[in-house]
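Below: the structure, in structure tokens.
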Amino acid sequence: MAFFGFKDLSSLSDVDMTIYSYITQHQNEVIYMRVRDIAQNAHVSNSSVMRFIHKIGFSSFPAFKTYLKNSPTLEEAPNHIFAFIDKSNFPSDIEEQISIVADFLFQCDNIITFGIGNSGFIAGLTARKMASLGFNTSTITDATYPIPSKLLNTTNNAIICFSVSGETTELIEALNPFTNNNDTSIIGITGNRTSTIARMSRYSLSYTEPEDRINKFYDLSSQVPAVYIAEALANSMNHKK
């Protein structure tokens, strides 16, 4: 982090980094300290503290302390970068739903994880984790792949479909042969519980996540809620073993 507005951390010596680390970890206390207090607590010399303060752009120790007093602490600073998800992203009964789906998947002979674009990466991650647990799992990220042929003469199958919108035409068309299918069940993991894919699914695991697109085609929607659900499914399946 570029604390104090100083970005060239590579130019700091080992002693400078010791002082930097101490101050960033004790900002609330440092604003009431003298130079020698900082030096003593950081186990460096008084002159080292002053050289550090000048190096990061302050003309004097009082100017440096004034800056600290007027700056939010690291704990108080907005943390939007990591504010991806909380319980409000999921239905209140999501844990119960995941347990039910995990029970079903545990009994399946074949599991296909399905998604395209960014959702395809999550599908691949999910398949790899489930395969590592010993389940017969594969990934399809091509909406034109002949899934009915792949599952011909098989039973007890599941297709886990990932889609933020739940309205991707290519996915809907690929899943259509499996609606009301006795041998293959669809599990939709979508950001819209009323979407077409959610309604086509035997089991629907939904979350709340607004779509975020640039120039209509570039999808920046967060996949973190879908990853949470996928991880929870895999963990639940593992515990059932």
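Side chains are part of it too, since the values below use all heavy atoms of this structure and drop only hydrogens, waters and symmetry mates. All values derive from a computational prediction rather than experimental measurement.
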Report summary line: Rounded to the nearest 0.5 Å, the CG atom of L125 sits from the CE atom of M130 at a distance of 10.0 Å

Query raised in the report: So, does N89 use its side chain to make a donor-acceptor pair with the main chain of T208 at under 3.5 Å?
Result: yes

**Report entry** Note, F178 side chain near L151 side chain (heavy atom, < 4.5 Å)
**Finding:** yes

Query raised in the report: Any side-chain heavy atom of I172 sitting closer than 4.5 Å to one from M200?
Result: yes

Query raised in the report: Hey, does the side chain of N156 reach the backbone of Q107 with a donor-acceptor pair shorter than 3.5 angstrom?
Result: yes

Query raised in the report: After noting the C-alpha distance and the side-chain angles of S206 and T190, does the key distance pass the side-chain hydrogen bond (donor to acceptor under 3.5 Å, both in side chains) rule?
Result: CA-CA 5 Å; S206 65; T190 75; 5.9 Å; no

Requested in this report: Determine whether more than 12 heavy atoms belonging to other residues, nucleotides or ligands lie under 6.0 Å from atom CZ of F106.
Outcome: yes

Query raised in the report: Taking a hydrophobic cluster as the set of Ile, Leu, Val, Met, Phe, Trp and Tyr residues connected by side-chain heavy atoms closer than 4.5 Å, whether directly or through intermediates, do F162 and I187 fall within one such cluster?
Result: yes

Query - Sidechain-backbone polar pair: T179 side chain, L175 backbone, donor-acceptor under 3.5 Å - result: no

Requested in this report: Go through the steps to decide whether D109 and N136 satisfy the test side chain to side chain contact (heavy atoms under 4.5 Å, CB included), and finish with yes or no.
Outcome: CA-CA 7 Å; D109 295 324; N136 183 23; 5.9 Å; no

Query - Qualifying residue for side chain to side chain contact (heavy atoms under 4.5 Å, CB included) with Y207, from V224, I94, I189 - result: I189

**Report entry** Passing candidate, side chain to side chain contact (heavy atoms under 4.5 Å, CB included) with V30, options T24, D37, L68
**Finding:** L68

Query raised in the report: Side chain of K65, backbone of R34: donor and acceptor closer than 3.5 Å?
Result: no

**Report entry** Close side-chain approach of Y67 and I56, heavy atoms under 4.5 Å
**Finding:** no

Requested in this report: To the nearest 0.5 angstrom, please state how far the CG atom of D93 sits from the CD1 atom of I98.
Outcome: 10.0 Å

Query raised in the report: Rounded to the nearest 0.5 Å, what separation is found between the OG1 atom of T141 and the CD1 atom of I116?
Result: 9.0 Å

Query raised in the report: Is there side-chain contact between S48 and I19, with at least one heavy-atom pair below 4.5 Å?
Result: yes

Query raised in the report: Are the side chains of N41 and E29 in touch, meaning some heavy atoms are under 4.5 Å apart?
Result: no

Query raised in the report: Any link between I197 and Y203 through a network of hydrophobic side chains (Ile, Leu, Val, Met, Phe, Trp, Tyr) touching at under 4.5 Å?
Result: no

Report task. Just do the side chain to side chain contact (heavy atoms under 4.5 Å, CB included) check on I23 and F52 with the steps written out, would you? Result -> CA-CA 11 Å; I23 293 174; F52 169 79; 3.8 Å; yes

Query raised in the report: Rounded to the nearest 0.5 Å, how far apart are CD of Q97 and CZ of F90?
Result: 11.0 Å

Query raised in the report: Tell me, do L233 and L205 make a side-chain contact under 4.5 Å, heavy atoms counted?
Result: yes

Query - hydrophobic_cluster_shared for Y20 and I31, side chain cutoff 4.5 Å - result: yes

Report task. Drop me the distance from N180's CG to I186's CD1, to the nearest 0.5 angstrom. Result -> 8.5 Å

Requested in this report: Take Q25 and S21 through the side-chain hydrogen bond (donor to acceptor under 3.5 Å, both in side chains) test and state the conclusion after the steps.
Outcome: CA-CA 6 Å; Q25 293 178 38; S21 178; 2.7 Å; yes

**Report entry** Working for side chain to side chain contact (heavy atoms under 4.5 Å, CB included), residues S138 and K150
**Finding:** CA-CA 11 Å; S138 58; K150 178 179 177 63; 3.6 Å; yes

Query raised in the report: Side chains of D103 and S99: closer than 4.5 Å at any heavy-atom pair?
Result: yes

Report task. Any chance you could measure K129, atom NZ, to T137, atom OG1, to the nearest 0.5 Å? Result -> 13.0 Å

**Report entry** Close side-chain approach of T184 to I159, heavy-atom, < 4.5 Å
**Finding:** yes

Query raised in the report: Transitively linked via ILVMFWY side-chain contacts under 4.5 Å: I111 with I140?
Result: no

Report task. Flag yes if I38 and Y32 sit in one hydrophobic cluster, no otherwise; membership is Ile, Leu, Val, Met, Phe, Trp, Tyr, and two members link when side-chain heavy atoms are under 4.5 Å apart. Result -> yes

Query - Polar side-chain atom of D16 near backbone of S13 as donor-acceptor pair, under 3.5 Å - result: yes

Query raised in the report: Taking it one step at a time, do F104 and R202 satisfy side chain to side chain contact (heavy atoms under 4.5 Å, CB included)?
Result: CA-CA 11 Å; F104 173 76; R202 177 175 178 180; 3.4 Å; yes

